[in-house]
Amino acid sequence: MASETNATLVEAPVVKVSADKTIFNILLAISFCHLLNDTIQSVLPAIYPMLKTSFHLDFGQVGLIALTLQLTASLLQPLVGLHTDKHPQPYSLAVGMGITLIGLLALSMAPTYVTVLVAAGTVGIGSAVFHPESSRVARMASGGQHGLAQSLFQVGGNAGSALGPLLAAFVLTKGQSSIAWFSFLALAGIMILTFIGTWAKNHRAARALAKSAGAGSSHTEHFSGLPSSKIAVSMAILIALMFSKFFYLASITSYFTFYLMNKFHLSLQSAQLHLFIFLGAVAAGTIAGGPIGDRIGRKYVIWGSILGVLPFTLLLPYVNLLWTTVLSVLIGMILASAFSAILVYAQELVPGRVGMISGLFFGFAFGMGGVGAALLGKLADLTSLTFVYHVCAFLPAIGILTAFLPDLEPEGSSRFPRAA
């Protein structure tokens, strides 16, 4: 016991010295694990055409697969985040990836539509465990540059979402059973997340030791100072903005391949490559929103990201293949910058509840993606995919609600860093 105590005392100053700095090796590691997690998840939308053919599904049933995946994650994430706010579980990161691995292997062997739904739900549970704690780790390692940290974390996930369809186009050559190859990504994630969990455990122990010794970080937690009613209205606006963003994204991630195949007569592989281009643009755009929000304020980034994409979404259903590709890239880049800004803005509104807020917003993002996929799939069955994109084109107009968000300056500047 004495040796363990001494080890803690030796390790604590090392962690404390880095507490005021952005710890990029941890941020890059958690971002890479986010890439692995979301690469695995994005395999499902990429194989929807395969599953549709194998199990003789209609668009509504395809949407139900997406709904099952996203809804399990959305319902559990806030609960997981709330629990880990009170009872930190650093190794839950590795556990979450392990659950995803189980779902992935089940999906590769699923013999019926029902078992596909169960496997998709299991992958969703793994995501629900992974995201809240990983977002907290990103904030812990941010050194006060919360927007930058969340952007780095998010770009990993977006890159994974873009990589999944590309890998699916070339790896899944032998049908459904080929999905098992992605289990190697999950195994790599489990090993890295175990290391990150150990760092997070030591980091918390060192900060607790420093606090008890009266030598805490120079950073102080930022409080919005707003009345609870104003916070509630602001949170409702942020949720509405999230709805517009992720409902629109659901129309692209779930049905863009079908849209391109139907309208422009592309092959499945070619359509998947176009989806990869769109998701790559999302990954590229994500990295900008957080750092810009750190410097000029989250509200301005939210304004430009949600409302600014409206002209391009309105044009998309009317253009040829070349301009469809160009507009999809612009839409992906602009729309992607919103999430980091919205998440950090919400964390500043409700300080001390990083896990709950992260779980709520990640969960809502997953839920809107699932609900959007299901409803839009049913709408496509009743009308057409072109009509779906005509309707979804107006969703970014909800961005006008940003005008009612309070200013939280100097919160938006990296010159005023704050602790996690």
Side-chain angles (χ1 to χ4, degrees), residues 15-38 77 81 84-85 88 90 93 130-160 192-193 195-197 199-200 202-204 206-207 217-222 282-298 301-302 305 336-362 365 408 410-420:
V15 180
K16 182 188 180 302
V17 168
S18 62
D20 294 342
K21 299 178 181 178
T22 304
I23 309 173
F24 283 102
N25 63 329
I26 296 297
L27 286 177
L28 292 176
I30 198 67
S31 179
F32 180 68
C33 289
H34 199 187
L35 179 150
L36 296 177
N37 183 82
D38 285 23
Q77 284 199 48
T84 55
D85 279 336
L93 292 167
F130 170 80
H131 280 97
E133 189 66 18
S134 57
S135 181
R136 187 203 312 278
V137 167
R139 190 173 175 91
M140 288 169 61
S142 69
Q145 298 187 72
H146 303 318
L148 172 63
Q150 287 299 327
S151 282
L152 286 175
F153 174 64
Q154 283 303 313
V155 79
N158 289 336
I192 298 172
L193 290 170
F195 163 77
I196 292 174
W199 174 85
N202 292 337
H203 182 85
R204 287 192 180 96
R207 292 191 63 172
S217 169
S218 61
H219 299 327
T220 58
E221 184 65 73
H222 174 73
V282 170
T286 296
I287 198 65
I292 294 174
D294 282 336
R295 296 192 175 277
I296 69 172
R298 327 286 179 204
V301 174
I302 297 169
S305 178
S337 62
F339 187 63
S340 295
I342 291 173
L343 180 60
V344 176
Y345 186 99
Q347 289 172 345
E348 300 293 351
L349 278 174
V350 190
R353 291 291 183 267
V354 174
M356 184 190 73
I357 293 298
S358 298
L360 175 64
F361 279 81
F362 276 111
L408 296 180
E411 171 273 338
S413 174
S414 59
R415 294 175 297 174
F416 298 90
R418 291 168 298 280

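In this structure, the side chain to side chain donor-acceptor pair (under 3.5 Å) partners of Ser135, at least two apart in sequence or on a different chain, are Gln150, Ser358. In this view, Glu133 and Arg136, Arg204 satisfy the side chain to side chain donor-acceptor pair (under 3.5 Å) rule, not counting sequence neighbours.
Note that CG of Asn25 is 9.5 Å distant from CD1 of Ile196, once rounded to the nearest 0.5 Å. Rounded to the nearest 0.5 angstrom, Phe153 CZ and Cys33 SG are separated by 9.5 Å. Taking CG of Leu152 as the start and CD1 of Ile26 as the end, the distance is 13.0 Å to the nearest 0.5 Å. In this structure, His34 NE2 and Phe130 CZ are separated by 5.5 Å, a value rounded to the nearest 0.5 Å. Rounded to the nearest 0.5 Å, atoms CG (Asn37) and NE2 (His131) are 5.0 Å apart. Distance CD/Gln347 to CZ/Arg139: 4.5 Å, rounded to 0.5 Å.
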side-chain contact (heavy atoms from CB on, under 4.5 Å) assessment of Phe24 paired with Leu148:
CA-CA 10 Å; Phe24 283 102; Leu148 172 63; 4.2 Å; yes
When you look at Trp199 and Met140, which way does the side-chain contact (heavy atoms from CB on, under 4.5 Å) test go after all the steps?
CA-CA 11 Å; Trp199 174 85; Met140 288 169 61; 4.1 Å; yes
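Listed here is the closest heavy atom pair of Pro132 and Gly81: CB-CA, 3.8 Å. Across all their heavy atoms, Gly157 and Asp38 have their closest contact at O-CB, 3.2 Å. Between Ala346 and Ile357, the closest heavy-atom pair is CB-CG2, 3.7 Å. What you find for Val137 and Ala200 is that their closest heavy atoms are CG2-CB, 4.3 Å.
Considering Leu343, Leu349, Ile342 as possible partners of Tyr345, the one that fulfils the side chain to side chain contact (heavy atoms under 4.5 Å, CB included) test is Leu349.
Checking side-chain atoms of Ser305 against main-chain N and O of Val301 turns up no donor-acceptor pair under 3.5 Å. Put simply, the side chain of Ser31 never gets that close to the backbone of Leu28: no donor and acceptor are under 3.5 Å apart.
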